[in-house]
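I have placed the structure first, in the form of structure tokens, so that the comments after it can refer back to it.
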Amino acid sequence: MMTVGIDKIAFYTPNYVLDLVELAKDRNDEPDKYTIGIGQDKQTVVPNFEDVVTMGANAASQIVTHENRDTIDTIIFATESGIDNSKSGAIYIQKLLNLSEFVRTIEIKQACYAGTFGLMQARDYVTLHPDRSVLVIASDIARYGLSTPGEVTQGAGAVAMLVSSSPKILAFNNDSVYMSRDVADFWRPIDREEAIVDGHLSTTIYKEMFLSLWHRYKEQTNNELNSFAGFAFHLPYTKMGKKALDQIMDEANPKQQIKLADNLRASQIFSRDVGNLYTGSVYLSLLSLLSHAKNLKSGDKIAIFSYGSGAEAELYSVTLQDEFLTGIPAEKTRQLLSKRKKVSVSEYEHIFSSQRFNSHEDKKTDASENATTVQFLGWQNGERIYQ
Ligand code: HMG
């Protein structure tokens with residue numbers, strides 16, 4: 001059977017970062033609650049010249065090359081913090097990346113899950129059209145509000161992936177199991193900038209759906225826990241992955257338990273320093289796993305668990321390809337994170353409150369003129385202007 005999977009992957013996050021130990025002190029919380037209990041050290045802070053389109057374009061521009069740009073037939077943009085109720089973010093990306101007009105562009109939404117649906121659509125399309133490729137972008141800003149319980153789990157960023165046949169990094173194994181259930185754990189009415197969330201319910205539903213899909217997956221495939229070299233979990237906060245995996249850990253032999261725990265830590269490293277990026281989080285966890293795990297080799301199987309509140313989840317596996325290591329932007333991602341400018345709690349609060357959502361006035365953002373990345377310049381006649 002033809003191999004279809006992820007040929008290229010890249011991550012982008014804005015250039016400002018908040019230390020969560022400083023946030024904990026300011027909020028009269030124990031720093032250990034944030035860094036150990038929840039498992040987050042830092043979070044990206046989003047200036048008013050970044051949004052899901054700029055982040056998505058800045059991730060995708062790293063993987064669209066002279067060689068592959070003409071193979072791209074479709075841009076699938078997955079987000080739950082879109083900038084327009086009508087027009088797809090994918091159209092802006094097409095223009096910003098100078099992609100052909102003869103492409104399909106679409107935006108999809110189901111909380112943090114939509115990126116996975118995008119990948120599955122891309123897989124099906126490329127299976128039918130093996131000489132074409134699909135650009136899947138998962139881009140979001142996780143925003144809960146100042147001094148809310150969710151504040152420590154905020155974050156932002158985009159993961160872009162190119163799906164093609166004969167992929168360099170990993171192949172999809174066509175073994176997905178998935179489920180949907182109407183739950184009021186987290187949602188965001190159209191007139192609100194911040195989500196309404198029952199954090200403890202959401203954690204419970206995440207764990208339940210993982211367990212339920214794990215049993216279904218084992219029933220429908222010949223896999224067991226010892227079949228996998230590691231897991232990539234949706235990581236709204238890094239402890240969430242551990243909570244899910246701990247439920248089934250005793251199914252593994254002792255050596256495998258050590259390996260899975262080591263690789264879980266490897267998968268959490270980037271998210272610890274960025275925070276939740278909703279649709280992109282599970283793929284940042286995958287990127288972190290492939291960037292940091294010491295023991296992975298081609299042919300290894302990785303399980304991927306995608307969860308989106310509301311709620312929908314999917315569990316599937318991928319197989320690492322021969323040259324996967326050379327396709328992983330490990331160093332580039334580390335540099336992106338380490339070069340971010342640190343902001344104090346009061347600077348973060350100011351930036352948080354200065355996002356400009358008013359389309360009724362022409363107004364410029366704080367975008368700088370000499371930027372090398374795509375920025376949101378401001379509003380003009382109700383339109384968002386990018387450069
Ligand atoms: P909270 O109520 O502030 O925290 O909310 P807590 O009291 O539950 O404490 C958290 C952990 O810290 C606990 O550990 C404490 O014991 C521990 P646990 O029992 O959970 O293992 N702790 C300490 N540890 C060490 N030293 C200390 C200390 N003190 C306490 N001194 C919560 C935490 C994550 C619920 C909150 O931040 C929140 O609501 N976040 C947003 C929702 C969320 O992330 N949900 C996750 C699942 S839903 C999902 O993944 C979907 C989502 O991404 C959205 C989408 O799909 O679009 C969110």
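This is a predicted model, so every value here is computed, not measured. Each ligand, and each atom within it, is numbered from 1 in the order the structure gives.
When S176, S306, S180 are each tested for a side-chain hydrogen bond (donor to acceptor under 3.5 Å, both in side chains) with E314, only one passes: S176.
Among pairs with a residue in residues 278-291, those fulfilling side-chain hydrogen bond (donor to acceptor under 3.5 Å, both in side chains) read T116-Y283, D140-T279, N276-S281, Y283-Y316, S288-H292, at least two apart in sequence or across chains.
The cluster map of Ile, Leu, Val, Met, Phe, Trp and Tyr, joined by side-chain heavy atoms under 4.5 Å apart, puts Y307 and L264 in the same cluster. Under the 4.5 Å side-chain heavy-atom criterion for Ile, Leu, Val, Met, Phe, Trp and Tyr, L289 and L225 are members of distinct hydrophobic clusters. F172 is not connected to Y217 by any chain of hydrophobic side-chain contacts under 4.5 Å among Ile, Leu, Val, Met, Phe, Trp and Tyr, and they are in different clusters.
From the protein, the heavy atom lying nearest to atom 8 (O) of ligand 1 is H200 CE1, 2.8 Å. Looking from atom 12 (O) of ligand 1 to the surrounding protein, the closest heavy atom is G37 CA, 3.2 Å. In terms of protein heavy atoms, atom 54 (C) of ligand 1 is closest to C112 SG, 3.3 Å. Atom 57 (O) of ligand 1 has its closest protein heavy atom at E80 OE2, 2.4 Å. Considering only non-hydrogen protein atoms, atom 21 (O) of ligand 1 sits nearest to K239 NZ, 2.7 Å. In this structure, the protein non-hydrogen atom closest to atom 47 (C) of ligand 1 is S202 OG, 3.4 Å. Shortest contact from atom 18 (P) of ligand 1 to any protein heavy atom: K243 NZ, 3.3 Å. With hydrogens left out, the protein atom closest to atom 10 (C) of ligand 1 is I38 CG1, 3.8 Å, a heavy atom.
Residue-ligand proximity, G150 to ligand 1, at heavy-atom distances under 4.0 Å covers atoms 37 (O), 38 (C), 40 (N). The contact set between ligand 1 and Y237, taken as ligand atoms under 4.0 Å from a residue heavy atom, comprises 34 (C), 44 (O), 46 (C). Heavy-atom contacts of A111 reach the following atoms of ligand 1: 55 (C), 56 (O), 57 (O) (cutoff under 4.0 Å). Each of the following atoms of ligand 1 lies closer than 4.0 Å to a heavy atom of Y144: 41 (C), 42 (C), 58 (C). Close approach of ligand 1 to Y206 (heavy-atom distance below 4.0 Å) involves ligand atoms 50 (O). Against a heavy-atom cut-off of under 4.0 Å, Y307 is close to the following atoms of ligand 1: 48 (S), 49 (C), 50 (O), 51 (C). Those atoms of ligand 1 with a heavy atom of G308 less than 4.0 angstrom away are 56 (O). Interface of V197 with ligand 1, defined as ligand atoms under 4.0 Å from a residue heavy atom, comprises 42 (C).
Counting heavy atoms closer than 4.0 Å to ligand 1, residue I205 contributes nothing at all. No part of Y113 comes within 4.0 Å of ligand 1, judged by heavy-atom distances. Neither the backbone nor the side chain of E151 has any atom closer than 4.0 Å to an atom of ligand 1 (non-hydrogen atoms only). When non-hydrogen atoms are compared, ligand 1 lies under 4.0 Å from the side chain of T153 (C-beta onward) but not from its backbone.
There is no protein heavy atom less than 4.0 angstrom from atom 32 (C) of ligand 1. Put simply, atom 51 (C) of ligand 1 has protein non-hydrogen atoms near it, under 4.0 Å away.
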Check the pair N98 / R69 against side-chain hydrogen bond (donor to acceptor under 3.5 Å, both in side chains), numbers first and verdict last. CA-CA 9 Å; N98 279 321; R69 62 168 49 245; over 6 Å; no

Show your reasoning for whether side-chain hydrogen bond (donor to acceptor under 3.5 Å, both in side chains) applies to Q154 and Y348. CA-CA 12 Å; Q154 293 177 147; Y348 143 70; 3.1 Å; yes

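In terms of polar-atom proximity, S309 is counted as a contact of ligand 1, with an N or O under 3.5 Å from an N or O of the ligand. Polar contact with ligand 1: present for P149 (N/O pair, distance under 3.5 Å). Remark: ligand 1 and H234 share an N or O pair separated by less than 3.5 Å (distance only, no angle test).
At a threshold of 4.0 Å, the pair K364-E369 does not count as salt-bridged, since none of the basic side-chain nitrogens sits closer than that to a carboxylate oxygen. A salt bridge between K25 and E22 is absent, with no side-chain N of the basic residue lying under 4.0 Å from a carboxylate O of the acidic one.
Under the 3.5 Å distance criterion, with hydrogens and angles disregarded, a donor-acceptor pair is assigned to the side chains of N68 and T65. Checking Q247 against W214 by side-chain atom types alone, no donor-acceptor pair falls below 3.5 Å.
With distances taken over non-hydrogen atoms, the option nearest atom 29 (N) of ligand 1 out of K33, R188, E30 is K33. Scanning P236, A195, S306 for the heavy atom closest to atom 44 (O) of ligand 1 points to P236.
Note on ring orientation: taking the six-membered ring where Trp is involved, the planes of F233 and Y206 are tilted (angle from 30° to 60°).
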Would you be so kind as to tabulate the donor-acceptor pairs closer than 3.5 Å made by side chains of residues 87-95, with sequence neighbours excluded?
residue: S88; atom: OG; partner: A90; partner atom: N; Å: 2.8
residue: S88; atom: OG; partner: E107; partner atom: N; Å: 3.4
residue: Q94; atom: NE2; partner: S100; partner atom: O; Å: 2.9

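The shortest side-chain heavy-atom distance between S133 and I72 falls under the 4.5 Å cut-off. The side-chain heavy atoms of L277 and V159, taken from C-beta on, include a pair separated by under 4.5 Å.
Ring to ring, Y386 and F376 are close: their centroids are under 6.0 angstrom apart.
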